[in-house]
Amino acid sequence: MDYSWRLYALLYDKYSWMCKKESKKITTGSSVDKIVKEKTEKKETQNTKRKETKKRQEENSQESKEQGGQQTPGSDVDYDLTNMNKDMVYATFYQLMVEPDKYIRKTLCIDGLYYTGQNEKTGTYYHYSIIKDALACCSQGLEFVWGDVLHVYSDEYPKDETEIEVKGTFKTYKEPGDDTLYCHLVNSEMQVK
């Protein structure tokens, strides 16, 4: 009796797993080309997306610089500090103090806490919006003149520490007999938040 076919069947069953694994690793030339092409296309797509994203970021950055950094599109406000994070507000206030001439006649919108102060010599009241920085350690304020100056303090103004939003035109001025340069928002609109 010929048992060779049984031996072949036995060996095939026992070692066929090796052949199957090896066959998974073997690829034809067209399969290799296909894989290389897919990988290349994927890489090119990723590079194209990166370039497009970078280009958009550069365009947005340039557009932002041209608009003074913080302009809200479609509004009559040149610098809307209400849409900035606390660090940007602090940086913008710093720029207002260092380069006030750059901001003269620009419209600003700010929000903060209302405070008032009185010059004891003249009896004049000054109204401020106080803005705290990210750490709440270095508050800064900006004086504002509400509308046409006909609003009566304290009847029409909110209490100190009330949250307000102010929109007005930036202007610098000097008090009589004082060489200090002050800044404030004039013709301002104020509303309690």
Side-chain angles (χ1 to χ4, degrees), residues 52-120 122-176 178-193:
E52 288 172 357
T53 301
K54 187 175 180 178
K55 184 178 178 182
R56 276 195 307 273
Q57 289 172 339
E58 288 172 355
E59 288 171 353
N60 289 342
S61 175
Q62 182 62 31
E63 189 175 297
S64 178
K65 286 178 186 174
E66 290 170 359
Q67 295 174 346
Q70 312 307 328
Q71 188 172 20
T72 303
S75 77
D76 59 344
V77 176
D78 295 305
Y79 295 90
D80 190 347
L81 281 67
T82 64
N83 291 329
M84 295 182 200
N85 67 36
K86 298 227 183 245
D87 290 331
M88 286 302 298
V89 169
Y90 184 80
T92 303
F93 260 84
Y94 177 79
Q95 285 302 117
L96 284 169
M97 300 305 127
V98 174
E99 299 180 283
D101 293 340
K102 180 179 175 183
Y103 297 92
I104 291 175
R105 291 187 291 282
K106 300 288 184 183
T107 304
L108 280 72
C109 187
I110 62 173
D111 57 2
L113 299 177
Y114 172 79
Y115 283 94
T116 189
Q118 183 181 23
N119 182 331
E120 292 178 6
T122 64
T124 305
Y125 284 98
Y126 298 94
H127 308 280
Y128 302 92
S129 177
I130 305 294
I131 301 167
K132 295 183 179 179
D133 71 326
L135 298 175
C137 67
C138 307
S139 299
Q140 295 191 27
L142 187 59
E143 179 190 348
F144 67 93
V145 177
W146 188 10
D148 53 11
V149 196
L150 296 178
H151 296 280
V152 178
Y153 180 78
S154 70
D155 296 341
E156 297 181 65
Y157 284 86
K159 293 183 179 185
D160 281 0
E161 298 184 31
T162 300
E163 286 190 49
I164 61 169
E165 184 174 299
V166 179
K167 181 175 98 173
T169 305
F170 187 80
K171 183 179 174 186
T172 58
Y173 71 98
K174 290 185 179 184
E175 291 282 355
D178 187 355
D179 288 337
T180 306
L181 184 66
Y182 297 99
C183 59
H184 59 183
L185 298 179
V186 295
N187 300 318
S188 300
E189 299 171 16
M190 182 201 61
Q191 58 186 26
V192 175
K193 288 179 94 175

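As the structure is a computational prediction, the values presented were derived from the model and not from experiment.
The CG atom of Leu108 sits 7.5 Å away from the CG atom of Asp78 when rounded to the nearest 0.5 Å. A distance of 5.0 Å separates OG1 of Thr92 from CG of Leu81, quoted to the nearest 0.5 Å. Remark: Lys167 NZ to Ser129 OG distance equals 15.0 Å, nearest 0.5 Å. In this structure, Tyr79 OH and Leu96 CG are separated by 8.5 Å, a value rounded to the nearest 0.5 Å. Note that CD of Gln191 and CG of Asp111 are 10.5 Å apart. Values are rounded to the nearest 0.5 Å. Distance CD/Glu165 to CG/Asp80: 7.0 Å, rounded to 0.5 Å.
With sequence neighbours excluded, the residues forming a ring pair (Phe, Tyr, Trp, His ring centres under 6.0 Å) with Tyr153 are Tyr125, His127, Tyr157, listed by chain and number. With sequence neighbours left out, the salt bridge (charged side-chain N to carboxylate O under 4.0 Å, His left out) criterion links Lys106 to no other residue. Residues passing the side-chain contact (heavy atoms from CB on, under 4.5 Å) test with Glu99, sequence neighbours excluded: Gln95, Lys102. Under the rule for a side-chain contact (heavy atoms from CB on, under 4.5 Å), the partners of Asp160 that lie at least two apart in sequence or sit in another chain are Tyr114, Tyr115, Thr116. Glu156 meets the side-chain contact (heavy atoms from CB on, under 4.5 Å) test with Trp146, His151, Val152; sequence neighbours excluded.
You'll find the side chain of Glu189 stays beyond 4.5 Å of the side chain of Val166, heavy atoms only. For the pair Lys86/Val89, no side-chain contact is recorded, criterion being any heavy-atom separation below 4.5 Å from C-beta on.
The two atoms that bring Ile131 and Gly112 nearest to each other are CG1-CA, 4.3 Å, heavy atoms only.
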Would you mind writing out the side-chain donor-acceptor pairs for residues 178-186 within the sub-3.5 Å range, not counting sequence neighbours?
unit_1	atom_1	unit_2	atom_2	d
Asp178	OD1	Thr180	N	3.0
Asp178	OD1	Thr180	OG1	2.8
Asp178	OD2	Tyr182	OH	2.7

Considering only distance and modelled atom types, tabulate donor-acceptor pairs under 3.5 Å from the side chains of residues 168-175, sequence neighbours left out.
unit_1	atom_1	unit_2	atom_2	d
Tyr173	OH	Glu143	OE1	2.6
Tyr173	OH	Glu143	OE2	3.4
Glu175	OE2	Tyr126	OH	2.7

